[in-house]
**Student:** 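I have a structure I would like to understand better, so I am pasting it below and will then ask my questions one at a time.
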Amino acid sequence: MSTATPRPSVLFVCVHNAGRSQMAAAFLTHLAGDRVEVRSAGSAPADTVNPAVVDAMEEVGIDISAETPKVLTVEAVRASDVVITMGCGDTCPVFPGKRYLDWRLTDPAGQGVDAVRPIRDEIEQRIRGLLADLDG
C-alpha cells in the first residue's frame, strides 16, 4: 500500500490579484500540473485581470482570460505551505510554520504588453526555481 505524499500548496499574493500573482499562479499550474496546489489572491482585488497580462501570457501559450481576481483570506494563507508575496506589504497575515518569500517585481498595472513581457519572463524563471526547490 503506497502512501501518497501530500502535494505542496503555494499561494501567490499581490495587491490587486490582476497581474503578478495571476501570472505566477498560471506558470506554476502550467509547469507543475497537479503536483502542486496553486492559489492566488489580492489584498485589494481588482475587478478584472489586467488585459495586457492576459495578452502576455497568451503569447507563451497560457490562457488566463477566464481568471478573476480573488480576495485574500486568512483561510487561504492557513491552507498553504508556501506564501509568496509580491508587494502586498503588511496586509498578508503571517502564520508560524509557513514558508514566506517576497518577490520584488515591477507592478504591471496600467502598463502595456511590451512592459509586461519582462515581468512575465522574470516570474517564469522564479517559478522554475521554486518548482525545482519543491521537487527537491
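Source: prediction; values computed, not measured. Basis for what follows: all heavy atoms, side chains included, without hydrogens, waters or symmetry-related copies.
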**Student:** Going by side chain to side chain donor-acceptor pair (under 3.5 Å), name the residues that satisfy it together with Q111, two or more places apart in sequence or in a different chain.
**Tutor:** none
**Student:** Mind checking what makes side chain to side chain contact (heavy atoms under 4.5 Å, CB included) contact with S9, not counting sequence neighbours?
**Tutor:** E37, R39, S80, D81
**Student:** Are I119 and V113 connected, step by step, through hydrophobic side chains (Ile, Leu, Val, Met, Phe, Trp, Tyr) whose heavy atoms are closer than 4.5 Å?
**Tutor:** no
**Student:** Return the set of residues passing side chain to side chain contact (heavy atoms under 4.5 Å, CB included) with D107 (not counting sequence neighbours), or none when no residue passes.
**Tutor:** R20, A109
**Student:** State which residues pass salt bridge (Lys or Arg N to Asp or Glu O under 4.0 Å) with K70; sequence neighbours excluded, sorted by chain then number.
**Tutor:** E67
**Student:** Can you sort out the partners of D114 under side chain to side chain donor-acceptor pair (under 3.5 Å), two or more places apart, ordered by chain and number?
**Tutor:** R117
**Student:** So how far is it from L28 CG to I127 CD1, rounded to the nearest 0.5 Å?
**Tutor:** 5.0 Å
**Student:** Applying salt bridge (Lys or Arg N to Asp or Glu O under 4.0 Å), can you list everything that pairs with D47, at least two apart in sequence or on another chain?
**Tutor:** none
**Student:** Name all residues meeting the side chain to side chain donor-acceptor pair (under 3.5 Å) criterion together with N50; count only those two or more places apart in sequence or in a different chain, and write none if there are none.
**Tutor:** none
**Student:** Run the side chain to side chain donor-acceptor pair (under 3.5 Å) test against D55 and tell me which residues pass, sequence neighbours left out.
**Tutor:** none
**Student:** So, for G42 and P45, which heavy atoms are closest and what is the spacing to 0.1 Å?
**Tutor:** O-CD, 3.5 Å
**Student:** If you look at every heavy atom in A41 and L72, which pair is closest and at what distance?
**Tutor:** CB-CA, 3.6 Å
**Student:** Checking E58 now: which residues fulfil salt bridge (Lys or Arg N to Asp or Glu O under 4.0 Å) with it, not counting sequence neighbours?
**Tutor:** none
**Student:** Just jot down the side chain to side chain contact (heavy atoms under 4.5 Å, CB included) partners of L134, sequence neighbours excluded, or say none.
**Tutor:** P8, V10, V36, V82, L130
**Student:** When you compare the side chain of R104 with that of D102, does any pair of heavy atoms fall below 4.5 Å?
**Tutor:** yes
**Student:** Are any of the side-chain heavy atoms of L105 and E122 separated by less than 4.5 Å?
**Tutor:** yes
**Student:** Do V74 and F95 have side chains that approach each other closer than 4.5 Å (heavy atoms only, starting at C-beta)?
**Tutor:** yes
**Student:** CD1 of I62 to CG of L31: how many Å apart, nearest 0.5 Å?
**Tutor:** 6.5 Å
**Student:** Is any NZ, NE, NH1 or NH2 atom of the basic residue among D133 and R99 found under 4.0 Å from an Asp or Glu carboxylate oxygen of the other?
**Tutor:** yes
**Student:** Working note: D34 + R7, criterion side-chain contact (heavy atoms from CB on, under 4.5 Å); need CA distance, chi angles, decisive distance, verdict.
**Tutor:** CA-CA 8 Å; D34 59 1; R7 345 183 257 168; 4.2 Å; yes
**Student:** If we only count heavy atoms from C-beta on, is the V71 to T73 side-chain gap below 4.5 Å?
**Tutor:** yes
**Student:** Would you please name every residue forming a side chain to side chain contact (heavy atoms under 4.5 Å, CB included) with T29, sequence neighbours left out?
**Tutor:** V38
**Student:** Could you state the interatomic distance from NE2 (H30) to CG (L131), rounded to the nearest 0.5 Å?
**Tutor:** 11.5 Å
**Student:** Closest approach of S40 and S21, non-hydrogen atoms and distance?
**Tutor:** CB-O, 3.8 Å
**Student:** Nearest 0.5 Å, please: how far is CZ in R120 from CZ in F27?
**Tutor:** 6.0 Å
**Student:** For P69 and N17, work out which heavy atoms get closest and say how close.
**Tutor:** CA-OD1, 3.2 Å
**Student:** To the nearest 0.5 Å, what is the distance between CG on L101 and CD1 on I84?
**Tutor:** 5.0 Å
**Student:** Can you tell me how far apart OG1 (T48) and NE2 (H16) are? Round to the nearest 0.5 Å.
**Tutor:** 11.5 Å
**Student:** Where is the tightest heavy-atom contact between I123 and A24, given as atom of each residue plus distance?
**Tutor:** CG2-CA, 3.5 Å
**Student:** Please enumerate all residues that pass salt bridge (Lys or Arg N to Asp or Glu O under 4.0 Å) together with R78, with sequence neighbours excluded.
**Tutor:** none
